[in-house]
Structure formats: structure tokens, C-alpha cells
There are 2 protein chains.
Amino acid sequence: MTDRAHAGRAVAVRRGGVPEATVARLPLYHRVLVDLAESGVATVSSDALATTAGVNPAKLRKDLSFLGSYGTRGVGYEVSVLIEQIGAELGISSEWPVVIVGVGHLGHALANYGGFASRGFRLVALFDDAPQLVGTEVAGLTVRPFADLPAVARADGVLIGVVATPAPAAQQVADALVAAGVNSILNFAPVVLSVPPAVDVRRVDLASELQILAFHQQRRGDDLGQVAR
Amino acid sequence: MTDRAHAGRAVAVRRGGVPEATVARLPLYHRVLVDLAESGVATVSSDALATTAGVNPAKLRKDLSFLGSYGTRGVGYEVSVLIEQIGAELGISSEWPVVIVGVGHLGHALANYGGFASRGFRLVALFDDAPQLVGTEVAGLTVRPFADLPAVARADGVLIGVVATPAPAAQQVADALVAAGVNSILNFAPVVLSVPPAVDVRRVDLASELQILAFHQQRRGDDLGQVAR
DNA sequence: GCAACTTTGTGCGTTCCTTCACAAGCGCTT
DNA sequence: AAGCGCTTGTGAAGGAACGCACAAAGTTGC
């Protein structure tokens, strides 16, 4: 999973010491809960919520227990309360300024992704150096040349950046992001970024995901003595 | 019934028993190794490879040991051998036919992703029901109406599908994929898909990834006594 | 006010994963 | 051919995560 050993020893169950595995599931719970709320559901049991989210009920309860005790025995959880508590834990209350670098198809897709605001993010700028893109408007923002990054980053206090460039450009983009004070990077380029230890990088890679699926698929096939056609 | 039944524990580490955590890292190693090979590197030590991939050297060696013993003590690993062995384990040798449903910006980005062929995948069809898209050519393929899915899936033996539609359409797309014999789904839509137990779904969600980053960012800020924003 | 019922919160055993540390093995040098 | 330096492969220890199972705690109905 993640071997981002944050602070090394801080993982102990201190105040706010939510296990990494739990953190990774909180956004999922949040999403499911918001959907429930929109469907008019006011209260939900751990069993029902766990089924919807596709996890084990006991695991769900334990995850939620790290945030505090917000359930009512015999009844369940109030959806709105959970949404608020998970949101608080994830920092949705504050509004994180985010920049996207690279406005190809992927950058477009990300920029037009509707869920930024409702999840605590504000897209503040799009960068790309392609002349035919600079100056055009995408998702209500004007695409700016990458050279503008430092100014924007400092002006808006940007700490989170998304790399959606082709692989060859990714490393130097990351370097520039780090130099501009960004220390959380979401990397969609199929390369391993080299950054200072203080910078947190998450990598999202289509091919890796497909290969993991293919591995399981292959194993299933082997078990049945079948051959992938 | 399987080896698992009459084997206490050792067999779990035997042929085909690669731990899930290791499987998730193999594509990363593969990618790094291919990059090394293209740079003309012929041999690499676990330390060097681990540094490049950003993992612990011992973990890397243990991961590789599940595939067999392909290193030379005192020297390291031959890059080409590792690429081949990891490829074999991941099923890169065979060529998995893949379909993408949804040809918006994200679908475009995925379709134009160059790494399919080199990683054992062959993109066989793109589906979208938008009239202005059907019939157009994307990434060398003609976009087809979603109704064509069953025919294509059976003709090509498609077992892996990518959902790149907006959230509201995702569930029914998934249902159709399953009905057409697809049992590995990569889901980019921000919803939890409900599928039969035999179907393997992996979810890739921009917002979740950002929220995990934000959580760590927030925790770092808290540690320093800072306030977000 | 009490009993029956429901659901949470969690202690505990189990499994999985990670990391350390070192013996075994290989090539190079002398 | 023997010793030296380097790197792999892995035993073992320590953590982290999972999930069962149940007591605690609340609600509902009478």
C-alpha cells in the first residue's frame, strides 16, 4: 500500500492518529454518505453502509470509531453527522487551493471534474505551455503558461498540485511545483517522481491498475485450466 | 480443493501465491525496469532499483523472490531478465483485449494512452452513445454505440473493461459489461459499482486521492501548529 | 418500568505485510 | 586456489490491519 511513513513514529494512536488504511477509506465512506443524503436517507446502520460501500461492517465501525463515537446503539448513524465528521477529519472544511499542470485530454477531464468544491478543493489555475492552449478557457479558467506557476502558487498558497503532463515533462514539472512550495503532488504521469522526502506524492497509473486486474484475471483463468484467448 | 486445502502455510508462498501487496507493486517495478533498459542499463542491484522505485530494498528483494531466484549474488539483477519475469507473472505475454466505455475527455485520454501494447493490452473498442461521437475516430478506433458491446465482447473475448462515463451512467454500463462476459472492471466514475462477487472492480477516483493528500497535508500543518488556508 | 430487540464500539486472535539482519553465494583479485 | 568485497535471498521479529464475536447501550412496545 502506501509506504509513505509520515513522520515515522507518529503513527501511534495519538490524538488524530487515524491509521493509514482507514484514511484511505474515508473518502469512500464520505462519497457513499453524500449519495445517501441526496437520496433523502437520514439514518444508516453500519451494516447498510458497509454493504453499500463494499466493506466489512466491523471494519467500517472500527474506522468510524477512530473519529469518535457518533453512532447511536440500536439505531445507527445519522448521515449528516457522519458526513460532517469525516469531512472534518479529511479537511474538507477548509478549502484547499489546487493547480493542474498539463491541459491535454486528461487535464481537461480533471478540470471539468465537478466534485472539487463539494470536497474541499478549489481549482485555482491550469498550466500548459502549448501555444495553442495558453489563453484558452477551460472549466472557467484561463490556461496560463507554466512560468506563471510560482506567482500563482504563492499568491494563493497552493500546497497541492496535479501533474497531468506526458511522462517526459513530469519530473521537471514536479521540480517546479516543489520549488513553488507545493508539497503534495498527485501524479498521473507514468513515471516515478523524484522529490524531497518532505513532499508527498501519490501516483495514479492506468497501466498499473489494468495490470493488477489482468493478474487476477489470469490467476482465475489458471485455476480453471483455461487459457486467455 | 486447491493446494490451499491440504497445505498448511508454506504453499501460500508457493507457485502462484504472490501476496496481494506484492502484485500491486510489480507494475511499478516493471515500469522502472523498462525505463532503465531504455537508458541502456543492463544490470541493477536491489538497492539501486529500490531507490529508483521508492521502496525499501529488502521489500523489493522479497517481492522479487516470490517470482523465483533471478538475481546473482555480488552482482545484482539482469534488467532484461527481470522485465521478462515480471511480465510473465503479470500476464504481459498474453495480449488482453480491453474496451473503454465513455469517450469524454477522460475516455480520450485513456484511449490515447500509449502504453497499452507494451504492457500486454490491446484496445479493441470504444463505446459511447453521444450521437456526435459515434462514428468518429479516436486513437485509431471508430467510436461505436454502446449497444454493440455484446457482439464485440464475444467476438474478441473481452474480459477487461474500463468505465469512463459520468457517474449516473456507470452502474448500467457495468451491468452491461458483466452481462457481456467482462469480469474485470476498472472504474473511473465516482460511484461504487454493484456487481456479482465473481467480478473484480478497481476504483480510481480523483477526489479520493486528493482527499488523502489533503489529509496528510492537514496533519503536517497541525503538527506545525499552522492553520490550513 | 421492564423486557425484548437492535446496533454500536471494541477486545482479541489471526493473518498479512514490512523490515532488519545475516548467512550463503558469486565474481574479482592476487 | 584462496581470500575479499559485494549483493542476494530469507528467517525471524515486530507491526498493522482484519474480522469475529460479544458486552454495552440505546430504542421500542407493552
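Note that this is a predicted model, so its numbers are computed, not measured. We name chains A, B, ... by the order of the sequence lines, and we start the count at 1 in each one.
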For [X] and [N], is the shortest distance between a side-chain N/O and OP1 or OP2 below 4.0 Å?
X: A:Tyr77; N: C:dG9; result: yes
X: A:Ser45; N: C:dT7; result: no
X: B:Thr72; N: C:dC26; result: no

Nearest listed nucleotide, side chain of [X], among [options]:
X: B:Glu20; options: D:dT10, C:dT8, C:dC17; answer: C:dC17
X: A:Lys59; options: C:dC17, D:dC18, C:dT8; answer: D:dC18
X: B:Arg25; options: C:dC26, D:dA21, C:dT18; answer: C:dT18
X: B:Val75; options: C:dC20, C:dG27, D:dA21; answer: C:dG27

In whole Å, I'd like the distance from the [atom1] atom of [X] to the [atom2] atom of [N].
X: B:Arg61; N: D:dC6; atom1: CZ; atom2: P; result: 15 Å
X: A:Glu78; N: D:dG26; atom1: CD; atom2: P; result: 16 Å
X: A:Asn56; N: C:dT8; atom1: CG; atom2: P; result: 13 Å
X: A:Leu60; N: C:dT7; atom1: CG; atom2: C1'; result: 12 Å
X: A:Asp47; N: C:dC5; atom1: CG; atom2: P; result: 18 Å
X: A:Asp63; N: D:dA16; atom1: CG; atom2: C1'; result: 13 Å
X: A:Phe66; N: C:dT8; atom1: CZ; atom2: C1'; result: 15 Å
X: B:Leu67; N: D:dT8; atom1: CG; atom2: C1'; result: 14 Å

Original post:
Hey, is the side chain of B:Arg73 pairing donor to acceptor with the base of D:dT7 inside 3.5 Å?
Top reply: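 It does not, because no donor-acceptor pair links the side chain of B:Arg73 to the base of D:dT7 below 3.5 Å.
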
Original post:
Any donor-acceptor pair under 3.5 Å between the side chain of B:Lys62 and the base of C:dT18?
Top reply: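 Per atom types, no contact qualifies.
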
Original post:
Between the side chain of B:Asp47 and the main-chain N/O of B:Thr51, is any donor-acceptor distance below 3.5 Å?
Top reply: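 Not a single qualifying donor-acceptor pair exists.
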
**OP:** Determine whether A:Glu89 and A:Val23 make a side-chain contact, defined as any pair of heavy atoms from C-beta on separated by less than 4.5 Å.
**Re:**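 Side chain of A:Glu89 against side chain of A:Val23, heavy atoms only: no contact under 4.5 Å found.
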
**OP:** Could you check whether the rings of B:Phe121 and B:Phe116 sit parallel, tilted or perpendicular, using 30° and 60° as the cut-offs?
**Re:**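 Correct class here is perpendicular.
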
Original post:
Under 3.5 Å, is there a donor-acceptor pair between the A:His216 and B:Glu20 side chains?
Top reply: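 Looking only at side-chain atoms, B:Glu20 and A:His216 do form a donor-acceptor pair, the distance falling under 3.5 Å.
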
Subject >> Evaluation steps, side chain to side chain donor-acceptor pair (under 3.5 Å), between A:Asp200 and A:Ser184 >> reply: CA-CA 5 Å; A:Asp200 193 2; A:Ser184 294; 5.1 Å; no

Subject >> Residue closer to the 5' end of DNA chain C, A:Gly74 versus A:Gly68 (nearest nucleotide) >> reply: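 In this pair, the answer is A:Gly74.
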
Original post:
For B:Thr22, which contact category applies under a 4.0 Å heavy-atom criterion: base, sugar-phosphate, or nothing?
Top reply: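 Nothing: the residue B:Thr22, judged by heavy atoms under 4.0 Å, touches no strand.
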
